[in-house]
K.L.:
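Before we start, here is the structure in question, set down as structure tokens.
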Amino acid sequence: MIYENNKEEKLKNQIIPQTANDDFEEFWKSELEKLRQKKLVVERKIKDFPYTNITTWEVKYNTHDDTIVKAYFSVPNDGKKKHACVIDYHGGGARKSVNVQYLACGVACFSIDVRSQGGETVDKANYSMGDMMGGIMTRGLIDQHEFYMKNIYLDAIRAVDVVASFEEVDTDKIITFGGSQGGALSVVAAALSGKVKKCYTVVTSYCCIDKRVEAGTGVFESTHAFLHANPQYTDAALNTLTYFDINNLISLLKVPTSFCIALADKICLPEYVYSVYTHANCEKELSMVPFAPHGVPGSFFMKSCYDFAELAKECN
């Protein structure tokens with residue numbers, strides 16, 4: 001632990017301040033009200049998979065705009081009427097999955113395709129500014145009310161509403177989990193849905209986004225290139241990003257949360273994630289994995305699975 005302790009002492013001197021505007025909470029309150037005004041419509045049909053001890057449904061649900069989000073909902077065939085459920089949000093550019101390792105722990109699992117990231121969810125939102133420099137993070141960039149990130153955050157929150165509507169789910173035992181982009185969506189869904197028992201967020205992305213844009217790392221490479229070519233949009237774009245920065249949104253998270261930092265992460269830098277952890281005002285725990293690059297460390301994943309198995313034992 002000496003290595004980790006020394007690293008943490010250094011991180012304590014690199015805390016990045018929050019940048020939320022005065023209307024930050026009002027913005028999210030208004031967006032949630034508009035989301036909940038849209039009647040939830042869910043469709044399910046059995047998916048033919050070769051797993052003998054799991055039942056999986058293909059799910060479609062409507063969100064705040066005309067987008068239909070595609071998902072998988074999987075339940076262990078263990079004879080229980082109610083299950084704890086892990087909502088597993090994927091990283092950038094990935095897609096939904098059945099998550100058999102979680103199911104083997106005895107919990108149900110819900111996994112969505114984030115819009116326009118290679119899965120089946122097609123973005124139906126109207127943007128006054130589309131993909132610039134080939135990147136989705138420029139869609140609606142200069143207006144927080146139409147920015148792409150607002151839409152994927154609301155889709156993630158809506159996923160909790162969907163899971164809570166399923167008769168197979170114990171609504172007191174809904175958990176969010178995700179790595180990178182999924183880690184950010186896990187925080188947002190747990191903070192704003194009002195229906196989550198615990199949050200797991202790993203190598204959390206979308207932290208200190210202005211720093212990410214300045215460096216042009218990961219998905220924000222196109223944002224960096226766009227603002228380099230169009231400096232007149234810089235102030236408006238950076239203002240928009242404050243509404244979606246996990247370093248700001250973390251203040252709204254009130255449920256127990258397990259954080260994980262990969263200390264060799266070159267994309268979601270340890271100081272960014274540690275700043276979010278520091279600003280979190282909830283019951284929290286932190287795992288730091290030495291020499292781990294960007295990704296979900298196996299040791300943290302296994303620890304989480306033990307937690308899921310214990311939660312599964314509480315269900316009938």
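The chain is numbered in sequence order, starting from 1.
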K.L.:
For residues L311 and V169: do they belong to one hydrophobic cluster (side chain heavy atoms under 4.5 Å, members Ile, Leu, Val, Met, Phe, Trp, Tyr)?
P.N.:
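Different hydrophobic clusters.
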
K.L.:
If I compare all heavy atoms of H83 with all of G106, which pair ends up nearest, and what's the gap?
P.N.:
CD2-O, 3.7 Å

K.L.:
May I ask you to check whether Y206 and D245 show a side-chain donor-acceptor distance below 3.5 Å?
P.N.:
no

K.L.:
Can S275 and N247 be counted as having a side-chain donor-acceptor contact under 3.5 angstrom?
P.N.:
no

K.L.:
Assess the side chains of R212 and S205: does a donor N or O sit below 3.5 Å from an acceptor N or O?
P.N.:
yes

K.L.:
Please answer: with hydrophobic residues joined when any side-chain heavy atoms are less than 4.5 Å apart, are V219 and V114 in the same cluster?
P.N.:
yes

K.L.:
Quick one: list whatever passes side chain to side chain contact (heavy atoms under 4.5 Å, CB included) with H145, sequence neighbours left out.
P.N.:
F27, E31, D143

K.L.:
State, yes or no, whether a side-chain contact exists between K81 and E168 at a heavy-atom distance under 4.5 Å.
P.N.:
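No, their side chains stay 4.5 Å or more apart.
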
K.L.:
If you define the side chain from C-beta out and look only at heavy atoms, does anything of N248 sit under 4.5 Å from F24?
P.N.:
yes

K.L.:
Check whether any side-chain heavy atom of Y274 lies under 4.5 Å from a side-chain heavy atom of L286, and answer yes or no.
P.N.:
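Yes - at least one pair of side-chain heavy atoms lies under 4.5 Å apart.
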
K.L.:
Do L103 and V98 have side chains that approach each other closer than 4.5 Å (heavy atoms only, starting at C-beta)?
P.N.:
yes

K.L.:
Is there a side-chain contact between Y272 and T204, using heavy atoms and a 4.5 Å cut-off?
P.N.:
no

K.L.:
Could you tell me if the side chain of S111 sits less than 4.5 Å from the side chain of N99, heavy atoms only?
P.N.:
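Answer yes - side chains close enough.
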
K.L.:
Indicate if I175 and I250 have the same hydrophobic cluster label, given that clusters are the connected sets of ILVMFWY residues with side-chain heavy-atom separations under 4.5 angstrom.
P.N.:
no

K.L.:
Between S186 and G182, is there a donor-acceptor pair closer than 3.5 Å when you use the side chain of the first and the backbone of the second?
P.N.:
no

K.L.:
For residues T257 and E283, is any side-chain donor paired with an opposing acceptor at under 3.5 Å?
P.N.:
no

K.L.:
Both conditions, 6.0 Å and 45 degrees, for the charged tip of K284 above the ring of Y277: are they met here?
P.N.:
yes

K.L.:
Of the non-hydrogen atoms in G183 and T201, which two are nearest, and what is the gap between them?
P.N.:
O-OG1, 2.9 Å

K.L.:
Starting from the C-alpha separation in whole Å, work towards a yes-or-no answer on salt bridge (charged side-chain N to carboxylate O under 4.0 Å, His left out) for R139 and D131.
P.N.:
CA-CA 5 Å; R139 292 181 185 176; D131 294 14; 2.4 Å; yes

K.L.:
Looking at D123 and R115, is any side-chain nitrogen of the basic one under 4.0 Å from a carboxylate oxygen of the acidic one?
P.N.:
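Salt bridge between R115 and D123, a charged N being under 4.0 Å from a carboxylate O: yes.
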
K.L.:
To check you understand the geometry: which heavy-atom pair defines the closest contact between K195 and A164, and what is its length?
P.N.:
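Minimum heavy-atom separation between K195 and A164: CD-CB, 4.1 Å.
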
K.L.:
Would you say that more than 12 heavy atoms from the other residues, nucleotides or ligands in this model lie under 6.0 Å from the CD of Q101, or not?
P.N.:
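Check fails, neighbour count at 12 or below.
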
K.L.:
Got a salt bridge between D161 and R36, using NZ or NE/NH1/NH2 to carboxylate O under 4.0 Å?
P.N.:
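The answer is yes: the pair qualifies as a salt bridge.
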
K.L.:
Within the side chain of T138, is there an N or O that forms a donor-acceptor pair under 3.5 Å with the backbone of G135?
P.N.:
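Such a contact is found between T138 side chain and G135 backbone.
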
K.L.:
Does Y89 share a hydrophobic cluster with I209, counting links as ILVMFWY side-chain heavy atoms below 4.5 Å and allowing steps through other members?
P.N.:
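They do share one cluster, since a chain of ILVMFWY contacts under 4.5 Å joins Y89 to I209.
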
K.L.:
So do the side chains of C268 and H294 get within less than 4.5 Å of each other, counting heavy atoms only?
P.N.:
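Yes. Closest side-chain heavy atoms under 4.5 Å.
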
K.L.:
Under the criterion ring-ring contact (aromatic ring centres under 6.0 Å, His included), which of F49, F110, Y51, Y102 is the partner of Y72?
P.N.:
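Only one of F49, F110, Y51, Y102 forms a ring-ring contact (aromatic ring centres under 6.0 Å, His included) with Y72, namely F49.
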
K.L.:
Which of these, K70, K60, R95, K96, sits in a side chain to side chain donor-acceptor pair (under 3.5 Å) with E120?
P.N.:
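So the option named by the test is K96.
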
K.L.:
Grab the two heavy atoms, one from T176 and one from A190, that are nearest each other, plus how far apart they are.
P.N.:
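The answer is OG1-CB, 3.7 Å.
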
K.L.:
Taking side chain as C-beta onward, heavy atoms only, is N151 less than 4.5 Å from D65?
P.N.:
yes

K.L.:
Any idea which heavy atoms bring Y153 and F244 closest together, and the distance?
P.N.:
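For Y153 and F244, the tightest heavy-atom pair comes out as OH-O, 2.7 Å.
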
K.L.:
Assess, by modelled atom type and distance only, whether the side chains of D155 and Y61 contain a donor and an acceptor separated by less than 3.5 Å.
P.N.:
no

K.L.:
Is there a path of hydrophobic side-chain contacts, each under 4.5 Å between heavy atoms of I, L, V, M, F, W or Y residues, that connects V100 with V75?
P.N.:
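No, separate clusters.
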
K.L.:
Please name the pair of heavy atoms, one in I54 and one in N77, separated by the smallest distance, quoted to 0.1 Å.
P.N.:
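Looks like N-ND2, 3.3 Å.
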
K.L.:
Does K198 come within less than 4.0 Å of E285, counting only side-chain N to carboxylate O?
P.N.:
yes

